[in-house]
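To keep things clear, I will list the structure first and then write my remarks on it.
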Amino acid sequence: LGLLEKSEFVQTSVDLKPGEAFFLYTDGLSGVGQGENPRLSPKRLGEMLQPIAADAKAMLTRVLEQAAIRKTGKVAPDDVAAVVVRRSN
């Protein structure tokens, strides 16, 4: 975000049922795989998100830890931004 002079955005409404969640992330998250942890593919991300965690913070922590962001202590090759929204039961 912010690299283009004129960006166009589309507004989308998401109607979550109790217990459902959505996960938004930048492309930097898919490029952080290092060592034993491969790059994050959509399939691998889907596996990380199941089962749905008890809350949004736990879900985000799980993905960041499994993507090796916290374990290596190294700087990611690109910026990483992620947001999880989960509707309470």
Side-chain angles (χ1 to χ4, degrees):
L1 294 176
L3 296 178
L4 304 174
E5 281 187 38
K6 292 187 177 188
S7 298
E8 292 185 28
F9 298 94
V10 176
Q11 182 175 331
T12 302
S13 296
V14 178
D15 186 23
L16 297 175
K17 295 180 178 98
E20 290 183 333
F22 68 86
F23 185 84
L24 301 173
Y25 61 96
T26 61
D27 63 338
L29 185 62
S30 63
V32 297
Q34 299 172 357
E36 296 178 9
N37 295 314
R39 289 175 59 99
L40 187 62
S41 66
K43 180 181 177 189
R44 185 164 174 244
L45 176 59
E47 291 167 355
M48 288 178 184
L49 295 173
Q50 295 301 323
I52 292 179
D55 58 45
K57 182 178 179 181
M59 184 178 280
L60 183 59
T61 299
R62 179 192 310 159
V63 171
L64 295 179
E65 286 178 349
Q66 290 185 24
I69 291 174
R70 292 185 179 174
K71 293 179 182 178
T72 64
K74 296 179 182 176
V75 176
D78 194 359
D79 63 315
V80 175
V83 175
V84 176
V85 175
R86 184 174 188 275
R87 182 171 173 187
S88 301
N89 291 326

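Keep in mind that the numbers below use all heavy atoms, side chains included, and drop hydrogens, waters and symmetry copies. Throughout, numbering of the chain's residues begins at 1 and tracks the sequence.
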* Given the rule in the side chain to side chain contact (heavy atoms under 4.5 Å, CB included) test, do L45 and F23 qualify, once you have shown the distances and angles that lead to the verdict? -> CA-CA 10 Å; L45 176 59; F23 185 84; 3.9 Å; yes
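- Listed by chain and residue number, S41, E47 satisfy the side chain to side chain contact (heavy atoms under 4.5 Å, CB included) test with K43 (two or more places apart in sequence, or in another chain).
- Among residues two or more places apart in sequence or in another chain, the side chain to side chain contact (heavy atoms under 4.5 Å, CB included) test is passed with A81 by T26.
- Rounding to the nearest 0.5 Å places CZ of R62 at 8.0 Å from CD of Q50.
- Considering all non-hydrogen atoms of both residues, A53 and M59 come closest at CB-N, 3.5 Å.
- With a 4.5 Å cut-off between side-chain heavy atoms of Ile, Leu, Val, Met, Phe, Trp and Tyr, the cluster of L24 takes in V14, L16, F22, V83, V85.
- Separation of atoms CG (D15) and CZ (R87) is listed at 7.0 Å; rounding is to 0.5 Å.
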